[in-house]
Chemist: 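So that we are looking at the same thing, I have put the structure below in structure tokens.
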Amino acid sequence: MMDLRKAKACILRVGGTNCDAEVKAALEDLGLRSDILHMDWLEKGKLSEYQLLVFPGGFSYGDYVRAGAVWGKKVLTKMRRDLERFVEDGRLVMGICNGFQVLVEAGMLPGDGGQFSPTPRAVLANNSSARYECRWVFLRGEGSHAPFARRIGKGEVLRVPIGHGEGRFLAESEEAVHELIRSNRIVFRYARPSGEPAEGAYPFNPNGSVHDIAAICNREGNVIGMMPHPERAFFGWQAFGYGDPHRYGDGRKIFEGIVDHIRSL
Amino acid sequence: MREGLIRRVSEDPPVAAIDLREAEDTDLLEISNGMGLALSLYEMRVIKEEFSRPLTDVELQTFGQTWSEHCIHKTFRGLVETDSGTVDSLLKSYIAKATRELARPWCYSVFEDNAGLVDFDNGHVIAAKVETHNHPSAIEPFGGAATGVGGVIRDILGVWGEPIAVSDVLCFGPLDTGYSGLAPGIKHPRYIYKGVVAGVGSYGNNMGIPNVNGAVLFDSNYIGNVVVYCGCFGILPKDRYVRQTKEGDLAVLVGGRTGRDGIHGVTFASTDLPEDSEGLRSAVQIPNPLVEERLRRAVIRIRDECLASGITDLGGGGISCATGEMASRSGLGLTVELDAVELKETGMAPWEIWVSESQERMLFSVPAKNLERVARIFEGEELEWCALGKFNPTKRLRATYKGVTVCDLGLDFLYSPPKLKRKAKRVEPSPLPLYLKEPEDLSSELLALLADPNVRSREGVVRAYDHEVRGATVVKPIQGQSGSHNDAAVIKPLKDSWMGAVISCGINPFYPDPYWMAACSLEEALRNNTAVGGRRVAILDNFVWGNPEKEDRMGSLLRACEACYDFAKAFGTPFISGKDSLYNESPMGPVRPTLLITGVGIIPDVRKAVTSDLKAAGDPVYQIGITKEEVCGSAYLRSKGIEGGDWPRVEASVSRKIMETLTATIDAGFVAACHDLSEGGLGVAASEMVIGARPGLGMSLDLGRGLFLTGRDDLAIFSESAGRFLVEVRAGHAGEFEEAFRGLPVSCVGEVLKEGALRLSGLKGKELTIERADLTRAWRGE
Amino acid sequence: MRFLVKAEVSLKRGHFDPEGDVAAKSLKDLGFGVGTVRVSKGYTMEIDARDASEAKALAEEMCRRLLANPIKDDFRVEVLFIEGRTD
Amino acid sequence: MRFLVKAEVSLKRGHFDPEGDVAAKSLKDLGFGVGTVRVSKGYTMEIDARDASEAKALAEEMCRRLLANPIKDDFRVEVLFIEGRTD
Ligand SMILES: Nc1ncnc2c1ncn2[C@@H]1O[C@H](COP(=O)(O)OP(=O)(O)O)[C@@H](O)[C@H]1O
Ligand SMILES: [Mg+2]
């Protein structure tokens with residue numbers, strides 16, 4: 001059993017990242033100390049001090065070229081080794097929104113362990129509305145084995161906001177989607193209020209993602225990428241109008257899963 | 001122009017000297033126009049008198065910039081001749097006067113710095129600023145609007161504020177305007193609309209600052225004069241508001257490179273500019289929020305580590321104004337070495353470097369001992385920086401380039417520009433008779449009004465902006481899946497405090513009397529703020545007017561300012577900042593006088609905020625405030641193309657009491673939902689409360705008989721009288737609610753229904769029922 | 001007849017291109033020897049017109065009216081082929 | 001030597017192009033007779049290479065490594081000219 005006070009999370013950022021502080025606030029509310037570090041100033045080997053690595057949302061490098069692409073490549077040139085080891089060790093990596101785009105562009109998702117694909121195996125393409133969109137969506141837990149979903153049952157519905165222009169998840173092929181389903185690597189799908197999958201219906205599926213995919217993980221479940229922002233639905237007052245402002249928001253469950261997992265190490 | 005007045009004094013760098021001593025009036029005007037100085041003959045004469053030597057082009061440009069409408073607001077600070085005497089400064093005589101007389105102890109810094117500052121939680125202040133970016137948005141909608149947002153964010157950084165929210169208010173021509181009737185050079189409203197919304201969204205989203213409030217208006221008057229207001233709000237620890245530049249401190253420029261963008265006017269010193277519409281090219285700026293995001297991080301770190309003695313943004317006038325102002329307000333002087341400035345392009349003349357308005361730059365004053373640490377912070381954020389020079393006690397603004405002194409001006413003279421004199425002709429429109437029969441079918445009137453471009457859902461705009469980033473948005477601009485609008489936004493900026501900042505606005509340019517137009521806008525800003533639970537509101541004014549050299553434009557400006565004073569006083573709400581944008585004229589005529597009032601209030605516990613959607617079947621619903629036949633300029637008449645009738649007026653004493661009482665009942669927990677009645681009146685407000693909710697609403701105007709000073713159902717439902725609310729009161733608290741409002745115009749008019757519909761019975765018992773689905777479809781324009 | 005026309009819109013020279021700048025830096029990071037990079041946007045459009053020159057003129061008009069802002073953008077139009085025929 | 005190379009990245013055929021659809025709709029609203037519109041992005045790059053074919057190969061590599069995402073993008077590379085020379 002790990003003493004949570006000894007654990008630490010690293011929230012990485014580069015120019016254009018902007019959701020780092022909210023993630024830190026969420027993690028620290030659960031008692032997990034968190035450092036926000038600029039990637040350029042991350043010393044070699046330093047990563048091994050952390051149990052969780054977060055790629056937060058934002059517009060890294062202005063989202064120029066393609067959302068997440070520039071940071072995704074930079075991650076590989078700058079810290080590939082450390083990162084591979086980190087993932088191999090079974091430590092947790094989480095990409096939120098732009099961070100999800102980064103993990104996909106870096107070839108870490110959908111992936112197997114520390115083996116990063118040399119070319120991306122998926123993409124988060126322009127929303128089918130061709131618009132940036134900020135709205136609260138319904139997420140449906142898929143019964144994933146990933147630590148992030150530990151507290152979320154299959155079919156359980158979460159209310160969390162999204163805010164992105166490039167979030168339409170596409171995989172290499174239909175077969176690749178089936179493989180994700182078979183290997184239980186889909187963590188959340190966009191849903192209707194009832195918990196039924198959105199089946200592409202707008203606005204429940206806000207971006208046109210194939211199979212309503214909102215979040216996936218690697219084979220081992222220790223790397224997750226998700227377009228919705230759980231850190232914006234952590235406290236009840238953030239979810240004002242969607243629940244009791246005096247309690248907690250649904251996004252908290254995801255972070256609780258992380259903390260449970262670290263404690264259990 | 002006469003030979004010999006202008007001389008090239010240096011080839012490299014290219015510098016020209018202009019000898020005003022021999023210049024006649026016609027020469028002075030020609031120089032002012034030719035160099036794009038926009039100085040009047042009188043101002044040129046004042047400069048001529050002062051100097052017994054030729055001036056460089058750099059120096060004359062410095063005057064052009066420093067004495068510009070943009071930098072010193074000469075119309076607002078000048079003299080205004082009226083029928084009843086001369087007004088010395090609209091700003092001092094009306095706007096700031098109200099603030100001074102109200103003397104609120106919680107006003108921390110007003111009308112001084114880049115933004116107004118008011119107390120928040122103990123130890124913190126809120127900074128607020130609203131700007132306009134009309135002209136740039138008219139020629140390049142995306143870039144113009146984006147740099148408008150970028151600029152106002154820098155105003156907040158420029159008072160050491162951490163930006164917590166942005167807002168935008170936009171006025172466009174009707175989107176269905178025909179393509180044929182447009183005057184040359186005027187872009188179609190649809191093109192402008194798309195570009196502006198994308199631009200505002202792109203900058204705020206990229207910076208990670210939620211856009212939480214605003215308004216969108218359509219009117220044919222705005223076809224030629226698009227209006228783009230951008231606001232930014234920030235927070236900072238009170239003791240980190242540092243402005244004490246000292247002798248020996250370094251002036252440090254950081255951020256984007258300096259280029260030919262944002263330079264107005266033409267050059268005499270370099271004659272080899274390419275032909276292709278260079279003037280316009282430089283008016284267009286390419287936004288780069290990526291740089292500003294890094295600037296923001298650097299500013300906050302330098303603030304938290306107390307490394308700088310002063311800060312300001314670079315806006316109008318570029319380096320010349322930023323350095324000049326910083327030196328002048330500290331009673332110091334400065335020699336700027338222009339060689340140090342990182343440039344985007346080669347071949348720039350010194351005056352161009354000096355006045356360029358390139359985006360994403362800030363100026364700091366840094367004690368020499370801290371320079372190394374400051375530099376490390378900049379470099380850590382991949383920001384280019386340079387030290388421009390040292391502050392000295394000379395009270396002179398000097399600039400050198402390649403060893404040549406290109407500017408040497410006394411700051412006292414530069415910062416005491418001559419007062420401008422303008423004439424105002426009083427305008428006092430009188431109401432016209434109303435020729436409109438009461439329509440038979442009020443359901444279809446209401447549905448049509450819900451679909452009116454000025455009323456319908458703003459979802460298309462609101463969702464294009466991230467209003468949740470920073471994770472601190474409590475009351476959101478739009479609520480729920482098929483959600484409806486709230487009246488104001490609530491932000492919770494501090495981790496360890498439940499205190500919220502409440503942001504609202506009011507804008508009513510369609511009421512034809514400038515005095516009541518201003519009064520209504522001010523009252524609406526307060527009303528919106530109150531509706532969600534805000535109080536202790538500070539306000540900002542933004543005037544968008546036509547050419548102030550025309551007497552009628554000044555006349556209406558004067559009237560609007562009078563109302564600002566009268567009602568700020570009457571409501572006890574101080575102005576803390578503002579800005580005017582004049583000369584909004586196009587080939588299609590002057591802009592309609594448009595005043596935006598922005599309100600910044602507080603709420604002690606964000607969890608007690610109130611949204612507009614109805615909550616629980618069975619709750620009683622109250623209407624507050626008197627409805628008169630005030631429909632001139634209303635959405636109802638405008639949608640029919642009818643002018644006539646009286647316009648809304650504000651009864652401040654009643655309205656103020658209503659708001660104070662409402663605040664008390666919100667704090668007591670009696671209020672379940674609240675919406676103010678504004679565009680489209682009671683009909684639209686009631687519909688919106690249903691659209692956003694699960695339950696419905698049944699109400700009878702007859703129950704509120706005493707509140708309606710009209711016998712007509714259409715006027716009762718669509719009048720836009722000020723000072724009104726519709727409130728859902730929690731079932732058990734009706735008695736206490738009524739008790740609190742005793743003596744005020746309040747009536748229970750109905751209750752929340754289980755079924756999702758709006759049921760309304762009129763003054764004479766006429767009934768209408770509309771299903772939520774139909775309301776929603778009309779309102780969403782489906 | 002139906003033509004396939006390509007319109008290409010790019011920032012006027014003299015304007016700084018932030019996207020090109022980021023692409024260049026990233027390519028350098030990846031070890032490529034690149035200098036300046038400038039980004040443009042292409043619109044490949046099916047256009048109904050009587051002949052190629054009308055198709056071209058129409059595309060230019062589209063650029064002026066919607067796809068480009070002549071104040072900051074340059075544009076270039078090229079007729080690729082006529083439906084049914086390739087060249 | 002320094003070459004000017006243009007890489008064009010476009011959506012794979014058959015891939016849904018929301019941006020192109022919006023452009024087509026806006027053009028139709030303006031009264032233009034257009035069919036499908038597809039959007040692409042061009043990168044005009046200065047590249048150091050020994051000869052044109054190396055420049056081309058390098059640009060293709062850049063597309064594979066950064067500029068294009070193989071799941072959704074196709075790319076096409078063209079050497080425009082060599083510095084100092086125009087054609
Ligand atoms: N019309 C106005 N009404 C109220 N305040 C104004 C007005 N014009 C300028 N101010 C105030 O004067 C101060 C300086 O204004 P300004 O020069 O516009 O600032 P900045 O240089 O940051 O744009 C600010 O606090 C601003 O709020
Ligand atoms: Mg300013």
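These values consider heavy atoms only, across backbone and side chains, with no hydrogens, waters or symmetry-generated copies. In what follows, every chain begins at residue 1, and chains take the letters A, B, ... in the order their sequences are listed.
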Chemist: Filter on side-chain hydrogen bond (donor to acceptor under 3.5 Å, both in side chains), then keep only pairs touching residues 70-81 of chain C, sequence neighbours left out; what's left?
Modeler: C:Glu8-C:Arg76
Chemist: At their closest point, which heavy atom of C:Ser26 faces which heavy atom of D:Leu66, and how far apart are they?
Modeler: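 Looking at all heavy atoms of both residues, the closest pair is OG-CD2, 3.5 Å.
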Chemist: Could you please state which residues from residues 33-43 of chain D sit under 4.5 angstrom from chain C, measuring non-hydrogen atom to non-hydrogen atom, sorted by number, or 'none'?
Modeler: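 Contacts with chain C: D:Gly33, D:Val34, D:Gly35, D:Thr36, D:Val37, D:Arg38, D:Val39, D:Ser40, D:Lys41, D:Gly42, D:Tyr43.
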Chemist: Who pairs with C:Asp21 by salt bridge (Lys or Arg N to Asp or Glu O under 4.0 Å), at least two apart in sequence or on another chain?
Modeler: C:Lys25
Chemist: Given the rule in the side-chain contact (heavy atoms from CB on, under 4.5 Å) test, do D:Met45 and C:Leu27 qualify, once you have shown the distances and angles that lead to the verdict?
Modeler: CA-CA 10 Å; D:Met45 313 183 275; C:Leu27 288 168; 3.8 Å; yes
Chemist: Please output the residues of residues 54-63 of chain D in contact with chain C, using a heavy-atom cutoff of under 4.5 Å, in numerical order.
Modeler: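 Interface residues of residues 54-63 of chain D: D:Leu58, D:Glu61, D:Met62.
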Chemist: What residue, out of C:Asp17, C:Thr44, C:Val9, has the most heavy-atom pairs lying under 4.5 Å from chain D?
Modeler: C:Thr44
Chemist: Out of curiosity, C:Phe32 CZ to D:Ile47 CD1, how far, rounded to the nearest 0.5 Å?
Modeler: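 It comes to 8.5 Å.
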